[in-house]
Engineer: 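Have a look at the structure that comes next, please.
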Amino acid sequence: MVLKKWLYYLVKLRNKIFLPFFILYLILAAFVIYWLEPNTFESFITSLYWVLTTLATVGFGDYAPVTNPGKVYTIILYITGIALVSVFVGKVIDSVYFIDKLKVGGKMKYTGKNHIILIGWSSKSRLAIDEILKSDKKIDIVIIDVLEKNPLISERLHYVNGDATNEEILLNANLPKAMGVIIFADQITQDNYATKDPLLVDGKTLLIATAITTVEEKFNKEIHVTAEVINQCHIPLFKHVKVDEFIPTQEMISHAAVRSLFSPGITHMYSELMSTQYGEAMFEIPKQAEWLTYRDAFVDLLNKGATLVADRGDLHINQKLDDKIPDNAQLFVICDKDTLSQIKVR
């Protein structure tokens, strides 16, 4: 039993000291050949270059030992060094494979910033990813879920495996430096348990929102959080956690379905406003210094090809055009991306 432990310890030690040993081997090998044939190898760099080309079996032939001790030493170098290089290359390949395995399996921390975190994988989060990638060409996305591996491979997509109610998992997604979080209702719970207990789906969303709030308070950060809520009556239960916006799924679907009967085609308008795949969409714009009243902003934007529709959640802009625009206004317009870029340039 003791021997087994020692062997296990030696294997672990070998893996830890292999790289330093390999580097030391190269340096000593270069020093020895430089000492044996200083006339052939005029500098240490030259001898190190020869050792590397020899062990890599490249053999350019620009440098070669000319003395018998040098040739004997070269034979020894062939016998010991080439095998060592093979082991080194194998370890490099294993390391790359191991890192890739960790990344695909969601076991690596995300170290970027200003990213968007999506919690919960489903067809809805898949569509959200498409929308984000089309809306911004640089922003990264981090998915948190309990799937065995990354559900979608993309250069700008990172996967974190784990329970989103766990603070460590949220930190692995670098929550404190995120631009925002979207919590999707858990699809598995919704499919399997919602009919038995409808509280379970929104209950899990509430737990995740609470965990996010805890991290926000711990790091003194404010992160925009949007949560999908299955039943609108549960929204008041979220008042103690810092959820900025809610998506009441069932109510929105029901409302859109009913309105489509009384006003045919209205669902197409909803789609155009909520998606960037059409020519125009709704965007937030900054308040310009020359806009004193809503009328100033409305007329100026209309001349540029944009329509002012709301200040935060207030859609009654047309009823108070002569009111002053507050400094903390959050203005929304309907326009295309070219018009938006012209407005923001100013």
Engineer: Name the one of W50, Y34, W35 that satisfies ring pair (Phe, Tyr, Trp, His ring centres under 6.0 Å) with F41?
Structural biologist: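 So, applying the ring pair (Phe, Tyr, Trp, His ring centres under 6.0 Å) to F41 and each of W50, Y34, W35, only W50 qualifies.
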
Engineer: Do NZ/NE/NH1/NH2 and the carboxylate oxygens of D140 and K113 come within less than 4.0 Å?
Structural biologist: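 Answer for the salt bridge query: no.
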
Engineer: List the atom of D322, the atom of R295, and the distance in Å for their closest heavy-atom pair.
Structural biologist: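 For D322 and R295, the tightest heavy-atom pair comes out as OD1-NE, 2.9 Å.
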
Engineer: May I ask you to test the K149-Y159 pair for a side-chain heavy-atom distance under 4.5 Å?
Structural biologist: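 Side-chain contact under 4.5 Å: no.
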
Engineer: Is there a donor-acceptor pair closer than 3.5 Å between any side-chain N or O of S47 and the backbone N or O of A30?
Structural biologist: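 Indeed, once roles are kept as given, a pair shorter than 3.5 Å links the two residues.
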
Engineer: Have S43 and T46 got a donor and an acceptor in their side chains that come within less than 3.5 Å?
Structural biologist: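 There is such a pair between these side chains.
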
Engineer: Indicate the atoms forming the closest heavy-atom contact of E290 with D300, along with that distance.
Structural biologist: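 Looking at all heavy atoms of both residues, the shortest contact is OE2-OD2, 4.3 Å.
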
Engineer: If you count heavy atoms of other groups shown closer than 6.0 angstrom to CG of N328, is the number above 12?
Structural biologist: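 Correct, the count exceeds 12.
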
Engineer: If hydrophobic clusters are built from ILVMFWY residues whose side chains come within less than 4.5 Å, do I285 and V299 share one?
Structural biologist: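 In one cluster: no.
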
Engineer: Is there a donor-acceptor pair closer than 3.5 Å between any side-chain N or O of D202 and the backbone N or O of V229?
Structural biologist: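 Looks like no, no N/O pair under 3.5 Å.
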
Engineer: Could you tell me if the side chain of T213 sits less than 4.5 Å from the side chain of E217, heavy atoms only?
Structural biologist: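 Answer yes - side chains close enough.
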
Engineer: If we ignore angles and hydrogens, is there a donor and acceptor under 3.5 Å between the side chains of T339 and D336?
Structural biologist: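 Present: a donor and an acceptor within the cut-off.
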
Engineer: Surrounding NZ of K324 (heavy atoms of other residues, nucleotides or ligands, distance under 6.0 Å), is the total greater than 12?
Structural biologist: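 Open: at most 12 neighbouring heavy atoms sit under 6.0 Å from NZ of K324.
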
Engineer: At their closest point, which heavy atom of I132 faces which heavy atom of R156, and how far apart are they?
Structural biologist: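 Looking at all heavy atoms of both residues, the closest pair is O-NH2, 4.3 Å.
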
Engineer: Are I144 and F219 co-members of a hydrophobic cluster defined by side-chain heavy atoms under 4.5 Å apart?
Structural biologist: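 Yes, same cluster.
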
Engineer: What's the separation between atom NE2 in H224 and atom NZ in K242, rounded to the nearest 0.5 Å?
Structural biologist: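 Reported value, rounded in 0.5 Å steps: 14.0 Å.
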
Engineer: Restricting to non-hydrogen atoms, name the atom on L308 and the atom on A297 that form the minimum distance, rounded to 0.1 Å.
Structural biologist: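 Closest approach of L308 to A297, heavy atoms only: CD2-CB, 4.0 Å.
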
Engineer: Please step through side-chain contact (heavy atoms from CB on, under 4.5 Å) for the pair K320 and D314, ending with a clear verdict.
Structural biologist: CA-CA 11 Å; K320 54 179 186 179; D314 186 0; 2.4 Å; yes

Engineer: To the nearest 0.5 Å, how far apart are CG in D145 and CD1 in I169?
Structural biologist: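 Output value for this atom pair is 11.5 Å.
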
Engineer: Take atom CG in N303; do more than 12 heavy atoms of anything else shown fall under 6.0 Å from it?
Structural biologist: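 Yes, because the 6.0 Å sphere around CG of N303 holds more than 12 heavy atoms from other groups.
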
Engineer: Hey, what do you get for CG (L48) to CD1 (I33), rounding to the nearest 0.5 Å?
Structural biologist: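 Reported to 0.5 Å precision, the distance equals 12.5 Å.
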
Engineer: Using a strict threshold of under 4.0 Å (side-chain N to carboxylate O), is an ion pair present between R126 and D130?
Structural biologist: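 Here D130 pairs with R126 in a salt bridge, since their nearest N and O are under 4.0 Å apart.
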
Engineer: Do the non-hydrogen side-chain atoms of L301 and F298 ever get within less than 4.5 Å of each other?
Structural biologist: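 The answer is no; the side chains never approach within 4.5 Å.
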
Engineer: Any donor-acceptor pair under 3.5 Å linking the side-chain atoms of Y294 with those of N318?
Structural biologist: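 Side-chain D/A pair, N318 to Y294: absent.
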
Engineer: Does atom NZ (K177) have a neighbourhood of more than 12 heavy atoms from anything else shown, all under 6.0 Å?
Structural biologist: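 No.
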
Engineer: side-chain contact (heavy atoms from CB on, under 4.5 Å) between L206 and V241: does it pass, once the steps are laid out?
Structural biologist: CA-CA 8 Å; L206 179 60; V241 296; 4.2 Å; yes

Engineer: Do L127 and L157 belong to the same hydrophobic cluster, where Ile, Leu, Val, Met, Phe, Trp and Tyr are linked whenever their side-chain heavy atoms lie under 4.5 Å apart, directly or via other members?
Structural biologist: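 Per the 4.5 Å side-chain linkage, L127 and L157 are not co-clustered.
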
Engineer: Could you tell me whether a side-chain N or O of D296 sits under 3.5 Å from a main-chain N or O of L292, the two making a donor and an acceptor?
Structural biologist: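 Here the side-chain-to-backbone pair exists.
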
Engineer: Please answer whether the main-chain N or O of V225 pairs with a side-chain N or O of D244 as donor and acceptor at a distance below 3.5 Å.
Structural biologist: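 Present.
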
Engineer: Would you check if there is a donor-acceptor pair between the side chains of T226 and E245 at a distance under 3.5 Å?
Structural biologist: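 Not at all, the side chains of E245 and T226 share no donor-acceptor pair under 3.5 Å.
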
Engineer: Ignoring hydrogens and angles, state whether a donor on the side chain of Y63 or E42 is under 3.5 Å from an acceptor on the partner side chain.
Structural biologist: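 Judged by distance alone, the side chains do pair up.
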
Engineer: Could you go through the side-chain contact (heavy atoms from CB on, under 4.5 Å) check for E284 and Q330 one step at a time?
Structural biologist: CA-CA 7 Å; E284 180 184 353; Q330 189 177 13; 3.2 Å; yes

Engineer: Counting only N and O atoms by type, is there a donor-acceptor contact under 3.5 Å from the side chain of S125 to the main-chain atoms of G120?
Structural biologist: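 Indeed, once roles are kept as given, a pair shorter than 3.5 Å links the two residues.
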
Engineer: Can you tell whether the side chains of E167 and K218 come within less than 4.0 Å, N to carboxylate O?
Structural biologist: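 Yes, E167 and K218 are salt-bridged.
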
Engineer: Quick check against the 3.5 Å criterion: does E216 have a side-chain atom that pairs as donor or acceptor with the backbone of I223?
Structural biologist: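 Looks like yes, one N/O pair under 3.5 Å.
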
Engineer: Got a donor-acceptor contact below 3.5 angstrom from the H158 side chain to the T111 backbone?
Structural biologist: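 No; judged by distance alone, with no hydrogens or angles, the pair does not exist.
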
Engineer: Spell out, yes or no, whether I23 and Y49 are grouped together once hydrophobic residues are joined by side-chain heavy atoms under 4.5 Å, including indirect joins.
Structural biologist: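 Yes; tracing contacts between hydrophobic side chains, which count when under 4.5 Å, links both residues.
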
Engineer: Flag the pair L118 / V142 as yes when at least one side-chain heavy-atom distance between them is below 4.5 Å, and no otherwise.
Structural biologist: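 SC-SC contact between L118 and V142 ruled out.
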
Engineer: Decide yes or no on side-chain contact (heavy atoms from CB on, under 4.5 Å) for N161 and K107, but give the supporting numbers first.
Structural biologist: CA-CA 6 Å; N161 179 286; K107 302 300 182 182; 3.5 Å; yes

Engineer: Check whether any side-chain heavy atom of L147 lies under 4.5 Å from a side-chain heavy atom of W121, and answer yes or no.
Structural biologist: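 The answer is yes; the side chains approach within 4.5 Å.
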
Engineer: Could you see if L28 belongs to whatever hydrophobic cluster contains V51? Use Ile, Leu, Val, Met, Phe, Trp, Tyr and a side-chain cutoff under 4.5 Å.
Structural biologist: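 Per the 4.5 Å side-chain linkage, L28 and V51 are not co-clustered.
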
Engineer: For D311 and A329, indicate whether the former's side chain and the latter's backbone hold a donor-acceptor pair under 3.5 Å.
Structural biologist: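 Pair absent, no side-chain N/O of D311 close to backbone of A329.
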
Engineer: Going by heavy atoms in the side chains, are T307 and V333 under 4.5 Å from each other?
Structural biologist: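 No; the side chains remain at least 4.5 Å from each other.
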
Engineer: Is there a side-chain contact between I119 and I212 (heavy atoms, below 4.5 Å)?
Structural biologist: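 Counting from C-beta outward, I119 and I212 do come under 4.5 Å.
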
Engineer: Could you state the interatomic distance from CD1 (I143) to CD1 (I116), rounded to the nearest 0.5 Å?
Structural biologist: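 Answer rounded to 0.5 Å: 12.0 Å.
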
Engineer: Is it true that a side-chain atom of Y73 and a backbone atom of A29 form a donor plus acceptor pair closer than 3.5 Å?
Structural biologist: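 Yes; at least one donor-acceptor contact below 3.5 Å.
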
Engineer: Kindly give the heavy-atom pair with the smallest separation between A306 and C335, and that separation in Å.
Structural biologist: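 Closest approach of A306 to C335, heavy atoms only: CB-CB, 3.7 Å.
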
Engineer: Decide if the gap between the ring center of F31 and the ring center of F44 is smaller than 6.0 angstrom.
Structural biologist: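 Between F44 and F31, which both carry aromatic rings, the centre distance is below 6.0 Å.
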
Engineer: Does the side chain of T205 come within less than 4.5 Å of D186's, by heavy atoms?
Structural biologist: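 In short, these two side chains do not touch, never coming nearer than 4.5 Å.
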
Engineer: Identify the two heavy atoms, one from P286 and one from W291, that lie closest to each other, and give their separation to 0.1 Å.
Structural biologist: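 Heavy-atom minimum between the residues: O-CZ3, 3.7 Å.
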
Engineer: In Å, rounded to the nearest 0.5 Å, how long is the span from CD1 of I117 to CG of L170?
Structural biologist: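 These two atoms lie 7.0 Å from each other.
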
Engineer: Would you mind checking if E228 and K124 are paired as a salt bridge, meaning a charged N to carboxylate O distance below 4.0 Å?
Structural biologist: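 Result for this pair is yes, salt bridge flagged.
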
Engineer: Could you state the interatomic distance from CD1 (I139) to CG (N114), rounded to the nearest 0.5 Å?
Structural biologist: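 Output value for this atom pair is 7.5 Å.
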
